[in-house]
Every structure is written in structure tokens, then in C-alpha cells.
Amino acid sequence: MLPAPIRQRHDECLLMPELPEVEIVRRGLVPALEGKVFDRVDQHRPDLRFPLPTRFAPRLEGQKVERLERRGKYLLAHLASGDVLLMHLGMTGRFRVRKRAKQAGANAAEGAKHDHVVFHMQDGGHITYNDPRRFGFMLLIDRSELAQHPLLGNLGVEPLSEALTPEYLAARARGKKVSLKSFLSDQRIIAGLGNIYVCEALYRAGLSPTRAASTLATATGEPTEDATALVPEIRAVLQDAIRAKGSSLRDYRQANGERGGFQNRFGVYNRTGKRCPRQGCGGKIERIVQAGRSTFYCPRCQN
DNA sequence: ACTGTACCCTGTAGGC
DNA sequence: TGCCTACAGGGTACAG
């Protein structure tokens, strides 16, 4: 393996899955993809979570990427052909960007385990998709079918857009007995929130993850004070995380400026047994399981 | 319509 | 050192 400083000069390591992380990945990929043309696409296995599309490489090669956008936790590369390359990182999907070709064998990362797809661009840039658990996937969809596609058609509002309002939340939550945690994690309601940011938004808003979603609405479907308080906290936690370049829970790489920093600012996530950071609260963070996933919260100040 | 559970797959951390 | 279990940011398919 080459010394880290040499490797880092040509490598950018970009991480992972909820909305802020996907947005950071998108921003990192834009310079390497937008306006660039696929030269060669290497596919190292037939499937990720789903089978890769038939004629995957041929449908990409020679095509220009007009635009790379994000919708919820999805990345969408719009190609000149009218195809859209839809990508999801699952739990462990990562992209590595290299600005120019390197000599064969010159880098220990070459042919690294779980490198499943490599995009070679005509300008010499390389983008490698690595995903140990293979919960991520890539699909090719015709632009005209995007809106009706089952993976995209049912997605809820973008939380950073004006579509997320207390009124919207109340309307969707009215009469629902599901826990507030499960409700906010549902991609059909809000697109892009995951386990970390749901926990953190509820903590900031002082709302218990175990209460019913219906408590966001009055009997007539108007937003309650809680719904009104929750919306800006959802936005704030996502924006704070994006500013911090996302959350990295593991040290896959050396610190090189591309690792997220928001994990250092969690109020509750992964902090079981620790003190609630809220001034004057004095509670202890607890971990419970909801819908098969960990929820972290402060039972003292989240009601 | 709503739960809750199992499952997809690999890696890691911690107990013994 | 190893072996075992629990757990991990995602989503879906069931059964009840």
C-alpha cells in the first residue's frame, strides 16, 4: 500500500446513506459525472440487491450525464439517451472518485473487495461503487417512466422543500396509530429521513418516539403545536448534518476531509446511558427497539 | 389498514 | 487465538 498522503491526492472517499449523506455524495460526484461521458463501465457481478439492468454497460457507454440529482435517498443521473441511472446506497454503499487513471497495481484500493461497479469516464476520471452488504442497487429507467416508477412514485415530500409543512404532516398523520418514529421513517410520508435523523429530530423537538403519529393532528386534521414544532427541527437537523458533511459511524478511511463530522453532534443517537445534553434536563438516554430498529431518546425531555 | 417479524448480506464488536 | 452472538445507516414481503 502506498503511504496515505500519496493515495489521498488522487482519491476522494465519500460516504453513505440518509438524506444528508446522499446529498454530500451527490455533491462529491457532480464534478466527476455532470457533463461527462461514460467511456467504459466495469461490472463485477450480475446483481447488487436486484439484478443489474440487462445491457447495463452498453446502455451507459458513450452517454453523457446531463444532470445528477437527489430524490430522498436516491441518486438520479439523467443521461442524454433519455435513460435515468437510478442509484441507491442501501446501508453500506460508497462511491470512490479518482480524478485520473492510475497505473495498474499502483494502488492498494485497485480491485478492492466489494468493488462491484466502476465507471470510467472519457475525461479519465473513475468512479467506483463499493458495497459490502449489497443492499444498494442501480437501475436504468426511461425518463418518461420515472414519475410512475414504483420506487419513486410513492415517495413522500422532500423535507428541505416547502412541501413539508405542519399541515401536510397533520393531514398524513391524522388517525394513524403507528408510532411517531415509524411514521417519520416511512419514505412514503417524508423522503430521506432514516434512523439517525428521525431520532435526532424528535429529540430536538422534545417529542417521544413512542407516541402515536395521530398526535400531530387535531380531531379535525389541523396541525397540533407539536407538528408545528417538529417541522423546523427536521429541517434544522438535516441542514446541520449537511453542513457537517454527514455522519460517519465507522472509520473506513483515514481522516482526509471527506469523512462526515455530524456523528460528534448527536444528541441521542448511539448514546445509550449517557446524559441528555439538554441544559438542565439531567435525563439519561435510553435505547428501545421499534419496528426492529434501535430508537434512542431521552425519556425525561421527550414527551 | 395496521402491526410485527423475518429476510436480504457482510463485517465488526464484545463476551467468553 | 477462536467461537458465538448481537447489531448495523436500507427496504420489502409476509403473516396475523
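Residue numbers start from 1 in every chain, and the chains themselves are labelled A, B, ... in the order their sequence lines are given, proteins ahead of strands. Only a predicted model underlies this, so the values are computations on that prediction, with no experimental measurement involved.
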Using only atom types and a distance under 3.5 Å, with no angle test, would you say the side chain of A:E158 pairs donor to acceptor with the backbone of A:G72? yes

Specify the separation, in whole Å, of atom NZ of A:K176 and atom P of B:dT3. 10 Å

A:P20 backbone acceptor or donor facing A:K245 side chain under 3.5 Å: no

Rounded to whole Å, how long is the line connecting atom OH of A:Y269 with atom P of C:dC7? 12 Å

What distance, rounded to whole Å, do you find between the two P atoms, one in C:dT5 and one in B:dA6? 16 Å

Salt bridge check: are A:E200 and A:R265 linked by an N-O gap of less than 4.0 Å? no

Presence of salt bridge, A:R134 and A:D131, under 4.0 angstrom: no

Find the distance between NE2 (A:H114) and CZ (A:R45) and round it off to the nearest 0.5 Å. 9.5 Å

Pairing partner of C:dT12 (Watson-Crick or G-U wobble, both distances under 3.5 Å): B:dA6

Check whether any side-chain nitrogen or oxygen of A:H114 sits under 4.0 Å from OP1 or OP2 of B:dG11, and answer yes or no. yes

Determine, for A:D186 against A:K176, whether the closest basic-nitrogen to carboxylate-oxygen distance falls under 4.0 angstrom. no

Roughly how many Å is it from CD1 in A:I24 to P in C:dG9, rounded to a whole number? 20 Å

Out of B:dT3, B:dG11, C:dC7, minimum distance to the side chain of A:S294 belongs to C:dC7

Can you give one letter per nucleotide of nucleotides 11-16 of chain C, 5' to 3': B if a protein heavy atom sits under 4.0 Å from the base, S if only from the sugar-phosphate, - if neither? BS----

Atom-to-atom span, CG of A:L48 to C1' of B:dC8 - whole angstrom: 13 Å

Taking the same atom, C1', in C:dA8 and in B:dT3, what whole-Å distance lies between them? 23 Å

Please give the distance between the P atoms of B:dT5 and C:dA6 as a whole number of Å. 15 Å

Work out how far the P atom of C:dC14 is from that of B:dC9, and round it to whole angstrom. 16 Å

Between C:dA8 atom P and A:Q290 atom CD, what is the distance in whole Å? 13 Å

Distance in angstrom units between A:L180 CG and B:dT3 P, rounded: 12 Å

Looking at A:E18 and A:I196, would you say the former's side chain and the latter's main chain have a donor-acceptor pair under 3.5 Å? yes

Stacking between B:dC8 and A:F135, yes or no? Criterion: centroid separation under 5.5 angstrom, plane angle under 30 degrees. yes

Say you pick atom P in C:dG11 and the same atom in B:dG11; how far apart are they, in whole Å? 22 Å

Which comes earlier along DNA chain B counting from the 5' end, the contact point of A:G175 or that of A:G292, where each point is its nearest nucleotide? A:G175

Length of the line joining A:K181:NZ and C:dG10:C1', which is rounded to integer Å: 13 Å

Between CD1 of A:I190 and P of C:dG10 the distance, given in whole Å, is 14 Å

Any side-chain heavy atom of A:Y297 within less than 4.5 Å of one from A:L202? no

